[in-house]
Amino acid sequence: MTTHISDNSEFSASVLRWYDENARALPWRSLPGEYADPYHVWLSEIMLQQTTVVTVSSYFKKFLEKWPSVENLANAPLDDVLTAWAGLGYYARARNLHKCAATVWHKYGGEFPNSEKELMELPGIGPYTAAAIAAIAFAEPAVVIDGNIERIISRVFRLQEFLPKGREVLRDYAASVTPKLRAGDYAQALMDMGSNVCRPKGPTCELCPVARFCMAHAEGDETSFPKKAPKKIKPVKMATVIWAENAKGEVLMRRRAEKGLLGGMMEFPSTQWDDISGFDDNGPEKLQALLIELGLIDQPVNAVSLVKHTFTHFHLKLQPHVLAVEDNDITPSNHFLWIHPSKFGEIALPTLMAKVAKIVKAEQGALPFSQVRDLVR
DNA sequence: AATACGGGGTG
DNA sequence: CACCCAGTATT
């Protein structure tokens with residue numbers, strides 16, 4: 001590939017010099033020029049998928065403390081992994097993490113494979129993560145492309161193609177400037193540059209080691225790149241959710257289906273999440289149907305404030321109703337459980353449900369209710 | 001090729 | 001409130 005950069009090694013050399021002086025110390029990162037533990041690299045890369053460094057740090061430390069090796073993680077109960085993952089989002093990652101650990105332990109004797117090809121075959125590892133692990137943990141000259149690198153390369157070459165359609169062209173450009181040596185440091189350097197220098201809005205080009213190679217900078221239209229297809233509008237959904245508390249102060253919860261949204265996580269029972277785009281109503285009769293289904297009829301019910309939450313592809317409004325349960329026929333199982341709020345830190349409680357708990361705590365303080373998980377704020 | 005899949009930070 | 005983030009799996 002011929003580009004406007006006459007000597008491609010000058011580009012990567014500038015990036016690596018910048019990294020040697022500016023590399024951030026991160027819990028999973030080795031010193032520049034050294035290679036980190038593949039288990040640490042893998043764990044951090046899975047957590048970092050679509051997730052910021054700030055958010056990941058504490059989770060990474062917690063996981064490593066709880067499961068110091070891939071063997072420990074492979075032999076942990078899935079529910080423990082989901083519990084530890086609670087709040088991080090994209091829970092399929094946690095399920096695949098567990099599956100991947102088991103594969104590495106049973107098929108590879110606890111040692112991660114070092115080739116992109118073999119890494120790609122593992123659950124939860126796609127093109128980006130395979131390249132990142134190969135480069136960062138195994139010194140392979142892989143072409144690593146994440147959102148940051150996509151943005152930098154788009155700007156440096158003033159890529160006219162819209163993404164993700166133009167990703168093949170982008171890959172060629174990225175490959176043309178990726179070094180054979182220190183590919184791991186190079187990738188991490190670009191990612192640091194992406195978050196600190198070549199930012200989506202307000203890039204600080206005066207701090208950029210490759211500004212002199214950057215065509216968009218020359219034109220002064222950095223923020224016009226990368227060009228992306230417009231997003232679709234998110235529909236609005238609504239449902240009623242119940243906080244049913246018994247005499248012991250325990251609350252009725254159920255486990256969601258293994259697959260799909262919030263798969264395998266715990267929730268407060270709710271009616272269907274109906275699309276209310278275009279109108280603004282939530283059939284009150286559905287609450288009665290839910291209470292009948294659970295055998296909780298004729299109990300006093302109090303509504304608290306509406307909980308709003310936005311997922312990747314829709315907005316959700318949840319209307320909690322609080323009820324005191326004197327007596328019931330619900331048998332605890334893996335599906336239905338009575339859980340005291342003081343135990344919420346020990347279950348797989350997604351943030352949406354933590355928000356529900358927080359509202360109830362704030363507005364129904366008279367109920368015996370100790371504390372909600374830290375992440376609720 | 002398009003869609004499903006969380007949650008938090010930012011302007 | 002829209003956009004972005006160390007993307008992957010499924011359809």
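Here is the naming used below: chain letters follow the sequence lines, and residue numbers restart at 1 for every chain.
- By the 30° and 60° cut-offs, the orientation of the rings of Phe314(A) relative to Phe311(A) is tilted.
- At the phosphate of dG7(B), OP1 or OP2 sits under 4.0 Å from a side-chain N or O atom of His309(A).
- If you take atom P in dA4(B) and the same atom in dA6(C), they sit 24 Å apart, rounded to whole Å.
- Within 4.0 Å of Gly263(A), counting heavy atoms only, lies no atom of the nucleic acid at all.
- Rounded to whole Å, atom C1' of dA4(B) lies 12 Å from atom NZ of Lys232(A).
- What separates CZ of Phe311(A) from C1' of dC1(C) is a distance of 18 Å, to the nearest Å.
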Let me have a per-nucleotide readout for nucleotides 5-11 of chain C, 5' to 3', with B, S or -, counting only protein heavy atoms under 4.0 Å.
BBBSS--
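- Judged as a ring-ring contact (aromatic ring centres under 6.0 Å, His included), and not counting sequence neighbours, the contacts of Phe213(A) are Phe11(A).
- In this structure Trp28(A) satisfies the side-chain contact (heavy atoms from CB on, under 4.5 Å) test together with Leu26(A), Ser44(A), Leu48(A), Val53(A), Val56(A), Ser57(A), Phe60(A), sequence neighbours excluded.
- The listed nucleotides are dG8(B), dA1(B), dG7(B); the one nearest the side chain of Thr55(A) is dG8(B).
- With Phe225(A) as the aromatic partner, Lys227(A) meets the cation-pi criteria of under 6.0 angstrom to the ring centre and within 45 degrees of the ring axis.
- Phosphate contact (OP1/OP2 of dC1(C), side-chain N/O of Thr310(A), threshold under 4.0 Å): absent.
- Under a cutoff of 6.0 Å and an axis angle of 45°, Arg24(A) and Trp18(A) do not form a cation-pi pair.
- Between the C1' atom of dG8(B) and the CG atom of Leu88(A) lies a distance of 11 Å, rounded to the nearest Å.
- Put simply, His313(A) has a side-chain N or O that comes within less than 4.0 Å of OP1 or OP2 on dC5(B).
- Rounded to whole angstrom, the span from the CH2 atom of Trp85(A) across to the P atom of dG8(B) amounts to 14 Å.
- The hydrophobic cluster containing Leu73(A) also contains Val104(A), counting ILVMFWY residues as joined when their side-chain heavy atoms lie under 4.5 angstrom apart, directly or transitively.
- OP1 or OP2 of dC4(C) sits under 4.0 Å from a side-chain N or O of Lys231(A).
- The existence of a salt bridge linking Lys117(A) and Glu121(A) is confirmed by a sub-4.0 Å separation between a basic side-chain nitrogen and an acidic carboxylate oxygen.
- Looking at heavy-atom distances under 4.0 Å, Leu262(A) makes contact with sugar-phosphate atoms alone, never a base.
- Rounded to the nearest Å, the gap between the P atom of dT8(C) and that of dG8(B) is 22 Å.
- Rounded to an integer number of Å, the gap from NE2 of His315(A) to C1' of dC1(C) is 8 Å.
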